[in-house]
Amino acid sequence: MFSIIEKISDTVYLSTLNIPGFINSGMRELVPADYRTSPGIDLTMCKPAAEYCSAEELTRVANARSLKRQIEWICGRIALKELLHSVKY
């Protein structure tokens with residue numbers, strides 16, 4: 001689990017994800033230190049991304065022009081999916 005989930009009220013939850021921590025957890029060899037200015041890369045070989053994202057989602061994020069946008073999009077998807085998995089209806 002990468003995200004931290006907080007219950008704000010009875011019906012509101014907040015899911016946050018530490019992006020540098022996510023990168024260090026399994027993407028360090030794929031992601032350059034200055035990922036904010038790097039062009040997009042093929043993330044299909046990235047284990048953390050493949051664990052949470054479908055092939056269609058990875059294809060969609062592959063169209064992003066910058067690696068920063070790719071990582072932020074994947075982190076958003078992971079935070080959302082972990083939140084949905086943790087919330088009991």
Side-chain angles (χ1 to χ4, degrees):
M1 189 165 201
F2 291 105
S3 61
I4 297 169
I5 299 168
E6 300 174 62
K7 186 174 183 179
I8 306 299
S9 70
D10 287 340
T11 58
V12 178
Y13 292 82
L14 176 67
S15 180
T16 57
L17 192 141
N18 180 300
I19 292 175
F22 173 73
I23 292 171
N24 289 331
S25 72
M27 296 179 64
R28 181 50 50 207
E29 56 278 347
L30 294 173
V31 177
D34 192 15
Y35 74 91
R36 290 176 182 92
T37 59
S38 298
I41 62 172
D42 179 12
L43 292 171
T44 57
M45 301 304 292
C46 173
K47 186 177 178 185
E51 286 177 10
Y52 283 89
C53 298
S54 67
E56 293 83 16
E57 290 171 318
L58 291 175
T59 299
R60 177 183 172 145
V61 76
N63 293 327
R65 292 178 286 155
S66 72
L67 183 56
K68 178 182 183 286
R69 287 186 181 182
Q70 288 178 319
I71 291 173
E72 289 173 348
W73 189 88
I74 288 172
C75 287
R77 296 296 290 177
I78 291 171
L80 173 65
K81 289 180 179 190
E82 288 184 349
L83 176 65
L84 291 173
H85 185 264
S86 71
V87 174
K88 307 284 189 243
Y89 292 98

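- The line from CD of E29 to SG of C46 is 8.0 Å long, rounded to the nearest 0.5 Å.
- Surrounding CZ of R28 are more than 12 heavy atoms belonging to other residues, nucleotides or ligands, all under 6.0 Å away.
- Listed for the Q70 side chain is no donor-acceptor partner under 3.5 Å among the backbone atoms of L43.
- For A64 against R69, the heavy-atom pair with the smallest separation is CB-CB, 4.2 Å.
- Annotation: the span from R36 atom CZ to L67 atom CG amounts to 10.5 Å, rounded to 0.5 Å.
- Side-chain contact check for E57 and Y52: no donor-acceptor pair (N or O, by modelled atom type) lies under 3.5 Å.
- To the nearest 0.5 Å, the span separating NZ on K47 from CG on L30 amounts to 13.0 Å.
- Surrounding NZ of K81 are more than 12 heavy atoms belonging to other residues, nucleotides or ligands, all under 6.0 Å away.
- Proximity of Y13 to E6: side-chain heavy atoms (C-beta onward) are nowhere separated by under 4.5 Å.
- For the pair I71/M27, a side-chain contact is recorded, criterion being any heavy-atom separation below 4.5 Å from C-beta on.
- Proximity of L14 to I5: side-chain heavy atoms (C-beta onward) are nowhere separated by under 4.5 Å.
- Between E56 and R60 there is no salt bridge, since no side-chain N of the basic residue sits under 4.0 Å from a carboxylate O of the acidic one.
- Within the 4.5 Å cutoff, no side-chain heavy atoms of I23 are placed close to those of S25.
- Scanning all heavy atoms of the two residues, the minimum distance from C53 to R77 falls at SG-CB, 4.4 Å.
- The CD atom of E72 sits 12.0 Å away from the CZ atom of F22 when rounded to the nearest 0.5 Å.
- No side-chain donor-acceptor contact under 3.5 Å links E82 to the backbone of S15.
- There is a path of hydrophobic side-chain contacts, each under 4.5 Å, that joins I78 to W73.
- Taking both residues in full, the closest heavy atoms of L17 and A79 are given as CD1-N, 4.2 Å, listed atom of the first, atom of the second, then distance.
- Atoms OG and CG, on S3 and L80 in that order, are 9.5 Å from each other to the nearest 0.5 Å.
- I19 is listed as a side-chain neighbour of Y35, based on a closest heavy-atom distance under 4.5 Å.
- Atom CD1 of I4 sits about 4.5 Å away from atom OG1 of T16, to the nearest 0.5 Å.
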